[in-house]
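Inspection log for the structure reproduced underneath, given as structure tokens.
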2 protein chains.
Amino acid sequence: MSDLLERLRGRGWRMTSQRRVVAEVLDGDHVHLTADEVHVRAAAKLPEISRATVYNTLGELVSLGEVIEVSTDGRAKRYDPNAHRPHQHLVCSGCGAIRDVRPQGNPLSDLPAEERYGFTVEAVEVTYRGVCPSCAT
Amino acid sequence: MSDLLERLRGRGWRMTSQRRVVAEVLDGDHVHLTADEVHVRAAAKLPEISRATVYNTLGELVSLGEVIEVSTDGRAKRYDPNAHRPHQHLVCSGCGAIRDVRPQGNPLSDLPAEERYGFTVEAVEVTYRGVCPSCAT
DNA sequence: TCTTGACTTGGACTCTGTCCATTGTAGGAT
DNA sequence: ATCCTACAATGGACAGAGTCCAAGTCAAGA
């Protein structure tokens, strides 16, 4: 994750302890925290960090393309630091748990022109929905 | 849409003027209203209908599988009455407009077992993101 | 027509997220 | 090493979306 910090510094990001802590909290695979969860974990390391700063920092990371914003359920958005490897999400309808999954040989053939209604299509999102082992009891 | 009302009555739904009005508002193709928009349009026909009833009714229609809940942007959920023909969504990142599109081949190839993390996979959602003609200026 | 349990109402409340004026500080300049 | 200042953090008020609940209403079966 220090390479992330390097990259950000290179882009002219002013490095503050708050931003560093938020970046640290977002490290790892299969991490999909809500802004509030990020705040709680960040505050454990830096108690005086404010909610507004967490929201600001997450928003900046998303704009910079370092973090992906995922809203799978209409509740709180989740933040996925695994932005540099394309992947899809497997979501539990019970508890909302999310796992990253990788596309097989399935390149999501582009939408044919006659189905585009004049849109410029830029991305495709695939979400698998199901029930996780813990919720399946 | 009267066939919808028939189906609901058949399932033991008590038919009230509020429910009828909500069902009418949701009629048509490419309809993806927010709960609030449904409330405004319903209130135009039945002024005393309450927000809570609109939410209740939409929730019931979703449970019954007659309407699909779509949350594409972390803002208000949208309600899609076109639940009986499988389809995908094309969403404008600018204004949030949604169009229904139909799958070409069969992009829903199941997730391979080794990628399921023990989940029971029940559905796949595909969302194309882009910019609509009006926002492309 | 009567009865009753299902439905509706509206207002309070929660959760998520944004805004803004004020205060603090990273990091280049001296 | 210290000073400056533009950029960042703070926290509290605010807003939008949705849920909850106690009380009143009504659809439809007897």
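Note on naming: letters A, B, ... go to the chains in the order of the sequence lines (proteins, then strands), and numbering restarts at 1 for each one. Here the structure is a predicted model, which means the values were calculated and not measured.
For the pair A:I49 CD1 and C:dT25 P, the interatomic distance rounds to 14 Å; values are reported in whole Å. Following rounding to the nearest Å, B:H39 (NE2) and D:dG18 (P) show an atom-to-atom distance of 13 Å. Remark: P of D:dA28 and CE of B:M15 are 7 Å apart, rounded to the nearest angstrom. Separating the CD atom of A:E48 from the P atom of C:dT23 is a distance of 18 Å, rounded to the nearest angstrom.
A:C92 approaches A:C132 most closely through the heavy-atom pair SG-N, 3.4 Å.
Within the 4.5 Å cutoff, side-chain heavy atoms of B:T72 are placed close to those of B:R129. Using a 4.5 Å heavy-atom cutoff, the side chains of A:T57 and A:Q18 are not in contact.
Contact annotation: A:Y55 does not reach the phosphate of C:dT18 (side-chain N/O to OP1 or OP2, under 4.0 Å). Contact annotation: B:S50 side-chain N/O to C:dT8 OP1/OP2 distance is not under 4.0 Å. Look at B:Q18 and you won't find any side-chain N or O under 4.0 angstrom from OP1 or OP2 of D:dC26. Proximity of A:T16 to the phosphate of D:dA8: no side-chain N or O atom is located under 4.0 Å from OP1 or OP2.
For A:R14 against D:dC7, a side-chain N or O and a base N or O form a donor-acceptor pair under 3.5 Å.
Among the heavy atoms of the strands lying under 4.0 Å from A:R51 is at least one base atom, whether or not backbone atoms are also near.
Side-chain atoms of B:D100 and B:H32 form a donor-acceptor pair, as typed in the model, at a separation below 3.5 Å.
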